[in-house]
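First up is the structure itself, then whatever we jot down about it.
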Number of protein chains: 2
Amino acid sequence: MSASATASPIRPVHEDILNAAAHCFMERGYSATSIDDVARSLGATKGRIYHHYRSKADLFFDVFRHGMQMNFDVVTPIAESPRSTLEKLRDMTKTHCVAMIRTQHFQRCVWEGVELLQRGATTPEQREVLIELQAMRDNYAEIFRTVLEAAKREGIAEFESSSIALQLMFMCLNSPLFWYREREGQDASTIEHIASQCTVFALRGLGMKEELIADV
Amino acid sequence: MSASATASPIRPVHEDILNAAAHCFMERGYSATSIDDVARSLGATKGRIYHHYRSKADLFFDVFRHGMQMNFDVVTPIAESPRSTLEKLRDMTKTHCVAMIRTQHFQRCVWEGVELLQRGATTPEQREVLIELQAMRDNYAEIFRTVLEAAKREGIAEFESSSIALQLMFMCLNSPLFWYREREGQDASTIEHIASQCTVFALRGLGMKEELIADV
DNA sequence: TTGACAACATACCCGGTAGTATGTACCTCT
DNA sequence: AGAGGTACATACTACCGGGTATGTTGTCAA
């Protein structure tokens with residue numbers, strides 16, 4: 001069973017908490033966010049949160065898991081479709097980028113979570129969870145690596161180290177996480193337009209020819 | 001007087017503290033790092049740090065300032081040199097990227113500092129400092145924006161929004177901050193090689209032709 | 001009707017941490 | 001030599017925040 005499939009569906013009762021937590025963690029960061037902050041933004045108290053989650057870390061992990069799951073949900077179908085490498089690469093990158101913008105607060109938590117993963121866990125039971133989350137993240141990156149290396153073999157893309165290329169590609173696609181701000185009058189086409197520029201930048205960076213990128 | 005010139009030179013006595021603080025802040029993040037952590041990594045106690053800095057925030061701000069100053073020191077000479085736009089752009093981007101790797105712990109603090117800037121300050125006096133740091137950061141980005149737009153006018157580069165292009169370029173050049181790890185046997189040429197790949201990716205992303213990038 | 005349980009709120013404990021107040025050794029200048 | 005200042009260490013306070021223990025209300029099943 002792949003790590004992507006281990007994530008249980010989110011019970012509706014948890015959805016409000018997850019959303020509030022994601023927003024708080026995004027605004028102040030994990031350690032600067034208190035459980036009281038999350039509760040306050042829910043119009044509730046700590047009791048509600050600790051009734052559903054055993055610890056602050058558990059809550060954060062669930063936000064991470066939820067964020068990653070949303071990424072799998074939109075990207076996996078493309079990766080598993082019987083289309084060409086070129087079409088997959090263009091579609092996956094663009095889709096990922098749009099997802100970053102649409103679910104920004106969750107994805108910011110995923111980003112910070114990756115840093116927490118690198119620092120390691122405190123308790124042994126947390127370490128178990130962290131290993132699972134790490135695997136989830138690695139599996140997601142692996143989907144892209146597979147397509148990237150296929151693209152290189154087919155002469156569509158051209159780069160030296162596929163690991164570095166992968167990192168750089170994700171940096172571009174994740175970029176809106178750090179400067180995009182929701183504002184009034186921004187509809188789906190605005191988001192599409194921003195994602196388009198990021199994706200074009202990334203695909204150019206991967207050494208793809210202009211004519212293969214034109215319609216992204 | 002530009003914001004870049006307001007930074008006072010670092011007194012030697014502060015250098016050890018700044019280095020230790022940068023390392024701690026990088027490893028655990030700002031709010032998860034205690035003053036005692038920094039002191040312990042210095043083999044000292046809080047007394048030493050509070051003798052030189054009025055608060056934890058002040059210390060962090062000085063790390064930020066120091067990090068930014070190092071960037072100005074290496075990039076400004078290139079930007080002010082009488083060379084062509086193409087040469088400036090290639091040199092500035094590569095130099096910035098190398099600086100990110102070489103002074104990684106300070107630059108990670110700069111990165112986190114930018115997020116703190118967006119969240120705003122608590123006390124009014126901190127806000128004053130934050131405005132100065134914000135200006136410092138903006139001025140630095142402006143150096144690159146100037147060259148970027150010149151490159152666009154000269155037909156060297158091709159992109160839609162210069163703001164987004166600037167962000168994406170920095171994301172690529174800053175990328176090593178998040179995945180580069182110091183290891184044994186990594187000499188200057190290794191760093192050069194990594195920086196080269198990031199810079200090539202960024203310049204490609206900016207729409208530059210292969211023949212203009214070849215020797216980066 | 002009532003017992004049991006879910007879904008919270010309230011009240012409390014306690015460890016950690018920013019910041020302060022004070023002590024002390026050393027150094028320098030007169 | 002002694003007075004004052006620098007550069008710390010030590011000891012202490014106040015508070016915040018994670019976690020827990022317990023109370024309260026609504027719901028549902030028998």
Side-chain angles (χ1 to χ4, degrees), chain A residues 8 10-64 109 112-113 116 119 121-127 129-130, chain B residues 8 10-25 27-64 109 112-113 116 119-127 129-130:
Chain A
S8 55
I10 293 141
R11 283 176 285 174
V13 66
H14 288 183
E15 203 170 321
D16 290 342
I17 298 179
L18 284 177
N19 268 313
H23 274 104
C24 290
F25 287 143
M26 168 171 167
E27 280 177 11
R28 302 173 230 210
Y30 173 70
S31 38
T33 300
S34 73
I35 297 287
D36 289 299
D37 286 336
V38 180
R40 192 168 24 247
S41 84
L42 278 168
T45 66
K46 277 204 288 211
R48 180 167 174 196
I49 293 172
Y50 277 104
H51 180 71
H52 296 280
Y53 293 95
R54 293 192 326 192
S55 70
K56 180 182 169 183
D58 266 19
L59 173 58
F60 182 79
F61 293 157
D62 212 30
V63 174
F64 182 104
C109 294
E112 190 174 354
L116 288 182
R119 289 165 196 163
T122 48
T123 74
E125 53 180 15
Q126 277 185 10
R127 182 160 289 280
V129 181
L130 281 179
Chain B
S8 54
I10 293 141
R11 282 177 286 173
V13 66
H14 288 184
E15 202 170 321
D16 289 343
I17 298 179
L18 284 176
N19 267 312
H23 273 104
C24 290
F25 287 142
E27 279 176 12
R28 302 174 227 208
Y30 173 70
S31 40
T33 300
S34 74
I35 296 287
D36 288 301
D37 286 336
V38 180
R40 192 166 26 247
S41 84
L42 278 169
T45 67
K46 278 205 287 213
R48 179 169 176 193
I49 293 172
Y50 276 104
H51 181 70
H52 295 280
Y53 293 96
R54 293 193 331 198
S55 71
K56 180 183 169 182
D58 266 20
L59 172 58
F60 183 78
F61 292 158
D62 212 31
V63 173
F64 183 104
C109 294
E112 191 175 353
L116 289 183
R119 289 165 197 164
T122 48
T123 74
E125 52 179 17
Q126 277 184 11
R127 182 161 289 280
V129 181
L130 281 178

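Computed from a predicted model, the values in this text were never measured in an experiment. Just so we're on the same page: letters track the sequence lines, and every chain starts at 1.
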### Message
How many whole angstroms separate atom CD1 of B:Ile17 from atom P of D:dC8?
### Response
7 Å
#### Entry: Atom-pair distance (CD on A:Gln126; P on D:dG18), nearest Å
13 Å
### Message
Going by side chain to side chain donor-acceptor pair (under 3.5 Å), name the residues that satisfy it together with A:Arg127, two or more places apart in sequence or in a different chain.
### Response
none
### Query
Quick one: the side chain of B:Lys46 and the base of C:dG19, do they pair up donor-acceptor inside 3.5 Å?
yes
### For DNA chain C, the residues among residues 24-40 of chain A that have a non-hydrogen atom under 4.0 Å from it
none
### Task
Let me know the distance between CG of B:Asp16 and P of D:dA7, rounded to the nearest Å.
14 Å
### Task
Kindly say if A:His51 contacts the phosphate of C:dA7, meaning a side-chain N or O under 4.0 Å from OP1 or OP2.
yes
### Residues forming a ring pair (Phe, Tyr, Trp, His ring centres under 6.0 Å) with A:Phe25, sequence neighbours excluded
A:Tyr30, A:Phe60
### Query
Can you tell me how far P of D:dA7 sits from OH of B:Tyr53, to the nearest Å?
13 Å
### Query
In whole angstrom, what separates A:Arg48's CZ from D:dT25's P?
19 Å
#### Entry: Spacing between B:His14 atom NE2 and D:dT6 atom P, to the nearest angstrom
13 Å
### Query
For B:Lys56 and C:dT20, what is the distance between atoms NZ and C1' respectively, to the nearest whole Å?
17 Å
### Query
OP1 or OP2 of C:dC8 less than 4.0 angstrom from a side-chain nitrogen or oxygen of A:His52, does that happen here?
yes
#### Entry: Partner residues of B:Arg119 under the side chain to side chain donor-acceptor pair (under 3.5 Å) criterion, sequence neighbours left out
none
### By ring pair (Phe, Tyr, Trp, His ring centres under 6.0 Å) - contacts of B:Tyr50 (at least two apart)
none
#### Entry: Nearest-angstrom distance from the residue atom CD1 of B:Ile49 to P of D:dT10
14 Å
### Residues B:Arg40, B:Asp36: salt bridge by 4.0 Å N-O rule
no
### Query
Who passes side chain to side chain donor-acceptor pair (under 3.5 Å) against A:Gln126, sequence neighbours left out?
A:Thr122
### Message
Between B:Asp58 and B:Glu125, does the side chain to side chain contact (heavy atoms under 4.5 Å, CB included) criterion hold? Intermediate values first, please.
### Response
CA-CA 10 Å; B:Asp58 266 20; B:Glu125 52 179 17; over 6 Å; no
